[in-house]
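Worksheet: the structure to be examined is printed underneath.
Keep in mind the model is a prediction, meaning the values are calculated, not measured.
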Amino acid sequence: MDPSLITLRTALILLMATLTGVGAAVLTALAAAPPPYAVLSGATAFAAAIPFFNNLIERT
């Protein structure tokens with residue numbers, strides 16, 4: 001058995017949090033906000049999405 005660095009559950013949580021952060025940043029940029037605001041909103045959405053998806057996805 002090959003030990004992996006992270007579990008599939010962790011990878012899924014990080015992927016969905018990344019997609020959430022990118023989506024928030026893109027939507028903020030499309031709303032004609034300055035680029036630093038788009039980056040900050042994306043980072044905030046990423047950070048808030050991790051505990052959300054962690055609680056949403058059931059542990060086995």
Contacts satisfying side-chain hydrogen bond (donor to acceptor under 3.5 Å, both in side chains) that involve residues 17-30 (not counting sequence neighbours) are T28-S41
Quick note, side-chain hydrogen bond (donor to acceptor under 3.5 Å, both in side chains) partners involving residues 42-57, not counting sequence neighbours, are R9-N54
Tracing side-chain contacts under 4.5 Å among Ile, Leu, Val, Met, Phe, Trp and Tyr outward from L30 reaches V22, V26
For L5, the hydrophobic cluster (side chain heavy atoms closer than 4.5 Å, chained through members) also holds I6
Here the gap from L14 atom CG to F46 atom CZ, rounded to the nearest 0.5 Å, amounts to 5.5 Å
For V39, the side-chain contact (heavy atoms from CB on, under 4.5 Å) test, sequence neighbours excluded, returns none
Applying side-chain contact (heavy atoms from CB on, under 4.5 Å) to L15 and not counting sequence neighbours gives L19
- I57 side chain near M16 side chain, heavy-atom distance below 4.5 Å: yes
